[in-house]
Colleague: 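Please read through the structure below; I'll follow up with questions.
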Amino acid sequence: MKKKSSETPAPAAGLFGDLPAPAAPAKRSGLLAFSYSKMSLYEECPLKYKFKYIDKIKEEPKYYFAFGKSVHTALEFMYAVKAPPFPTVDEVCEAFRQDWNLKSYLEKGYRTEQRADDDYKKGVAMLRAYYEHNRVRLAPPFLLEYSTDVETDGLLVRIIADKIEYLGGGQVLITDYKTGKDVKRQPSQLYMYQKIAELDPRLKEKIAETYGQKVSNVRISKMLYYHVPTNKEYFFERADDREIGGFWERVLGVADSIRGLKFDPTPGEMQCSWCDYKKLCPNFSGGHKVLQPQAGPADPVEVLVDRYGRLKERMDELQVQLDAVAEDLGRAAKDGGEYAGSQYTAQVKKNSKWEFKNREAVIGVLNQFELYQKALTLTLTGIIGVLESEALPEEARKKLLEQAVKKTGYEIKVAKKEGLI
Ligand code: SF4
């Protein structure tokens with residue numbers, strides 16, 4: 001499991017606070033690489049976000065991240081078995097020791113060796129207590145350190161879940177291990193898990209691979225913050241649509257501000273005291289040269305206009321894809337009928353329709369034969385009404401048909417297969 005905050009949590013340390021974040025902008029074109037930790041950092045101070053993710057200026061190593069990482073690595077080692085027996089507590093502590101020794105105390109961010117040694121002992125004691133507390137209920141989890149990037153609303157959102165347990169019927173429980181202070185936890189980090197995990201197609205595939213169950217949806221039934229130093233468990237029930245909707249508006253607002261290059265500093269005692277960028281920050285010692293011209297605060301209408309535009313663009317792109325697939329499906333279905341995929345059924349009906357490309361020429365024909373009034377309106381239906389009328393002189397029909405092209409269309413009705421969960 002990846003490193004997490006320990007001891008004094010830095011303001012930016014969140015669920016994925018110290019994990020290597022995806023580069024911005026995302027490699028997949030047009031998408032903004034996003035995560036909960038990025039959002040937290042931006043909300044803490046947009047300029048700090050810019051230094052870290054846009055300018056890619058490295059921060060100093062933080063000892064609390066190093067500590068959290070080694071504890072997570074040991075827990076990952078402990079659970080990484082397909083079936084019991086689990087490693088012994090000594091083996092778990094050895095995994096902790098090995099990870100701990102990968103870096104010197106300075107590389108981990110400690111000022112003194114003594115302080116690092118104290119934390120090492122604290123880590124061993126913590127793992128022993130964890131092991132004892134959980135010994136009787138050890139069970140191999142469904143997934144450990146599950147990392148996924150999901151594309152939604154113009155974002156490529158990354159989540160990394162410490163542990164996922166499968167409860168059957170597409171339901172999962174996600175656990176996030178905390179090694180820092182036992183502070184009151186906000187559920188918003190878990191909203192991100194819920195939103196993204198439920199959109200993630202790979203999770204469904206993994207359930208099918210591991211448990212042989214085909215599920216149409218994955219549902220996060222519960223989420224858990226497990227505070228390792230105290231063995232306290234904080235369960236959160238599944239968030240409802242209103243909560244997720246409100247949270248997602250917040251995500252999209254932050255994403256829009258990042259895209260709009262709004263990186264004004266928002267100094268404050270908490271965020272500035274832990275900030276490695278003070279030397280570059282105009283609030284401390286200048287550093288004007290690193291700043292871009294700043295736009296004013298985000299105007300809500302401006303943000304909504306941009307969101308609307310982006311969603312419309314995506315909808316148009318999807319419509320083009322949908323039309324192309326409908327065309328392919330229609331052709332493959334030949335004379336139409338009912339067909340089944342693994343998750344959906346489709347009723348395909350073939351129909352023919354006329355298209356009139358040259359509107360002026362059609363008007364000319366209608367005028368020439370005094371049919372304009374009969375068309376009632378110059379819509380496709382109106383013109384076809386004239387064309388199909390028995391009273392239409394043959395010469396007029398011939399001229400109208402010269403302007404017409406008969407196209408094959410497809411009417412497709414899809415439904416999800418019954419019995420899929
Ligand atoms: S010092 Fe404070 S205001 Fe400046 S970038 Fe850091 S957090 Fe932001």
Side-chain angles (χ1 to χ4, degrees), residues 2-26 32-69 106-111 155 157-158 160 178-181 183-186 188-189 192 247 249-300 302-303 306:
K2 299 285 187 267
K3 53 193 174 179
K4 297 291 164 73
S5 62
S6 163
E7 291 204 332
T8 315
L15 211 55
F16 323 112
D18 52 332
L19 292 167
L32 178 70
F34 207 80
S35 66
Y36 187 82
S37 64
K38 285 187 158 191
M39 180 170 85
S40 301
L41 189 64
Y42 185 88
E43 289 179 330
E44 194 186 310
C45 174
L47 183 57
K48 197 170 178 178
Y49 173 95
K50 177 180 176 289
F51 287 141
K52 180 163 177 167
Y53 293 112
I54 310 286
D55 301 332
K56 301 192 191 308
I57 301 169
K58 280 199 172 155
E59 290 176 282
E60 293 297 314
K62 303 284 188 297
Y63 64 86
Y64 39 81
F65 286 161
F67 179 80
K69 176 190 169 281
L106 288 172
E107 286 170 327
K108 287 200 280 270
Y110 287 97
R111 294 230 172 109
L155 305 175
V157 187
R158 172 170 294 184
I160 303 175
K178 295 291 183 194
T179 55
K181 278 186 177 168
V183 294
K184 191 171 184 312
R185 301 287 172 192
Q186 295 302 322
S188 58
Q189 295 177 335
M192 185 69 103
F247 169 72
E249 280 302 311
R250 185 177 141 201
V251 167
L252 295 178
V254 169
D256 282 341
S257 298
I258 292 170
R259 285 197 187 96
L261 304 178
K262 296 181 190 310
F263 298 123
D264 284 329
T266 52
E269 201 184 327
M270 179 75 170
Q271 59 268 44
C272 295
S273 59
W274 286 95
C275 183
D276 287 343
Y277 304 117
K278 286 196 200 73
K279 281 188 194 151
L280 301 170
C281 178
N283 282 285
F284 285 80
S285 59
H288 299 281
K289 65 180 189 303
V290 298
L291 294 174
Q292 302 287 342
Q294 298 295 314
D299 176 339
E302 194 184 303
V303 168
D306 284 343

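Both ligands and their constituent atoms are indexed starting at 1 by order of listing. We use all heavy atoms of the structure for the numbers below, so side chains are in, but hydrogens, waters and symmetry mates are not. All of these numbers come straight from a predicted model, not from anything done at the bench.
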Colleague: Could you give me a count of protein N/O/S atoms that are under 2.8 Å from atom 8 (Fe) of ligand 1?
Modeller: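 If we list every protein N, O or S atom nearer than 2.8 Å to atom 8 (Fe) of ligand 1, we get 1.
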Colleague: Out of K48, K62, K58, which one pairs with D276 under the salt bridge (Lys or Arg N to Asp or Glu O under 4.0 Å) rule?
Modeller: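 For D276, the salt bridge (Lys or Arg N to Asp or Glu O under 4.0 Å) check succeeds only for K62.
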Colleague: Starting from atom 1 (S) of ligand 1, locate the nearest protein heavy atom and write down its residue, its atom name and how far away it is, to 0.1 Å.
Modeller: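 Among all protein heavy atoms, the one nearest atom 1 (S) of ligand 1 is F284 CE1, 3.4 Å.
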Colleague: Apply side chain to side chain contact (heavy atoms under 4.5 Å, CB included) to S188 and R250, showing your working.
Modeller: CA-CA 10 Å; S188 58; R250 185 177 141 201; 3.6 Å; yes
Colleague: For P267, enumerate each residue passing the side-chain contact (heavy atoms from CB on, under 4.5 Å) test, keeping only those at least two apart in sequence or located in another chain.
Modeller: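 Here the qualifying residues are P265, C272, N283.
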Colleague: Taking atom OG of S40 and atom CD of Q271, what is their separation to the nearest 0.5 Å?
Modeller: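 That separation rounds to 12.5 Å.
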Colleague: Name all residues meeting the side-chain contact (heavy atoms from CB on, under 4.5 Å) criterion together with E269; count only those two or more places apart in sequence or in a different chain, and write none if there are none.
Modeller: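 In terms of side-chain contact (heavy atoms from CB on, under 4.5 Å), with neighbours along the sequence ignored, E269 is linked to no residue.
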Colleague: Are the side chain of Y49 and the backbone of I258 linked by a donor-acceptor contact shorter than 3.5 Å?
Modeller: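 Not confirmed, Y49 side chain does not pair with I258 backbone.
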